[in-house]
Participant: 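Before I ask anything, here is the structure I am working with.
First the proteins, then the strands, lettered A, B, ... as listed; each starts at 1. Please read these numbers as outputs of a predicted model, since none were measured by experiment.
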Amino acid sequence: LWSQQAEGLVHSSFRRLSGREKKEMQKEILSILGLPGRPRPHPPLRPPSSAPLFMLDLYHAMSADGEDEGNEIIVNGPGMGKFAGAERLAQVSHAVLPTLSTHTPPLGTVVSEADTVMSFVNLVEQERDLLQPRPYWKEFRFDLTPLPQGETVTAAEFRIYKTLTMGQRANRTLHISVYEIQRETRHREPELVLLDMQSVPAGQEGWLAFDVTSASNHWLLHPRSNLGIRLYVETEEDRSLSAGWIGLVGRRGPRSKQPFMVTFFRESQVPCRPPR
Amino acid sequence: AVKPHPRKKKPKYDLPVPSIHNRSPANNGGQPCKKHELYVSFSDLGWKDWVLAPTGYSAYYCDGECFYPLGSCMNATNHAVIQQVVHLMKPDDVPKACCAPTKLSPISVLFYDDNNNVILKKHRNMVVKTCGC
């Protein structure tokens, strides 16, 4: 009888958490996640736009690979894990959001060094007025300030979706180049630094990923130097085209195809939690 | 052979003390050290709006006795075997080997920050893979 009562006592101890216990648990888990407090994103969050969709696929790829990974306990030593199965991640990422060209940095090598992956929605978008003389361009800007200071970005990609457009000869090759805007001067063209360029068949559709690692590290070190990136499109005859004409989706496109930026970075120190 | 401690009085009654944590073998039937289910639910914590994935995860915990002799099923380290033997010789000086995680794995958490950016973070040592003495 007594042991049944004891068992009853044991099971009854797993009652639903009280308000205070819940707050305690939330505080502990937030401190493990390295968050100062509970984030408060503003709706609407559903349906998820392109960045969460991409990140959700990355999450599933990592979770599938993380299963066979485990840390041997090194007594009194921090368990050092590494992103495992990064090659598979590269396949999944390109399989899920196929980039039109193979130029992008192989996610595998990048993810294996990263601790955290962050995606940023496009903040500002402006483009050259079509009534102005060529060349046409489109600019994008991302707010990287949420990245914890002092981190090193191991890779950063700018992702933009290309749809099919009428009137384009499918077998024509388009040259799309992405520059970092380094310095703006009144009445003159800004100083640009080439980040990445890709040649894309006009008749294909899908995600394009440009390597913007050097720019994002630069912005991380000098946040005020973040003037964004500029994108140009040219034909093989060096004729400048507007991004919209060739089907590149901007902020006004469908949410699941809007451009975004994704950064992989490594935290320099394992976050130590304050003693309590 | 261990001599009985000269000064230690034999306790009159050794009724098992009912408590949740140090359950005596009486009511858990002397379970050997092993992994037990423990689920941490983010949705129970009211975090469904900002945690995209997972909704929670099985963290597990280790519990059970490290009986002598430590069988291979207990995944005991050599150190535990030695500690166990010394414990038998000097039970008052050296405690029994304890049941603890011997392998931990990470989990990845996908969540929104205050600016609706999406962050994917991997957190190490969040899930018990194997327990041992």
Participant: Between B:H123 and A:I32, which heavy-atom pair has the shortest distance, and what is it?
Facilitator: ND1-O, 3.6 Å
Participant: Rounded to the nearest 0.5 Å, what's the gap from CG on B:D113 to CZ on A:F120? Could you check?
Facilitator: 7.5 Å
Participant: Got A:P41 and B:F111 here, is their nearest side-chain heavy-atom distance under 4.5 Å?
Facilitator: no
Participant: Considering all heavy atoms of both residues, which atom of B:S108 and which atom of A:Y59 are nearest to each other, and what is their separation?
Facilitator: O-CE1, 3.0 Å
Participant: Checking A:L35 against chain B: side chain, backbone, both or neither under 4.5 Å from a heavy atom?
Facilitator: side chain
Participant: For A:N226, what residues pass the side chain to side chain donor-acceptor pair (under 3.5 Å) criterion, not counting sequence neighbours?
Facilitator: none
Participant: With heavy-atom distances below 4.5 Å as the criterion, would you say the side chains of B:Y112 and A:P39 are in contact?
Facilitator: no
Participant: Under the 3.5 angstrom rule, does the side chain of A:T116 hit a backbone N or O of B:K121 as a donor-acceptor pair?
Facilitator: no
Participant: Report the distance from atom CH2 of B:W47 to atom CD1 of A:I29, rounding to the nearest 0.5 Å.
Facilitator: 5.0 Å
Participant: Which heavy atom of B:V40 sits nearest to which heavy atom of A:M25, and what is that distance?
Facilitator: CG1-CE, 4.1 Å
Participant: Roughly how far, to the nearest 0.5 Å, is the CG atom of B:N115 from the NE2 atom of A:H42?
Facilitator: 7.0 Å
Participant: Could you grab the distance from atom CG of A:L30 to atom CG of B:L45, nearest 0.5 Å is fine?
Facilitator: 8.5 Å
Participant: With rounding to the nearest 0.5 Å, note down the distance linking CD in A:Q26 to CZ in B:F42.
Facilitator: 11.5 Å
Participant: Look at atom CG of B:N78 and say whether more than 12 heavy atoms of other residues, nucleotides or ligands are closer to it than 6.0 Å.
Facilitator: no
Participant: Any idea which heavy atoms bring A:M118 and B:I119 closest together, and the distance?
Facilitator: CE-CD1, 3.4 Å
Participant: Taking all non-hydrogen atoms of both residues, which atom of B:D44 and which atom of A:K22 are closest, and how far apart?
Facilitator: O-CE, 2.9 Å
Participant: Salt bridge (Lys or Arg N to Asp or Glu O under 4.0 Å) with A:R38: which residues, sequence neighbours excluded?
Facilitator: B:D49
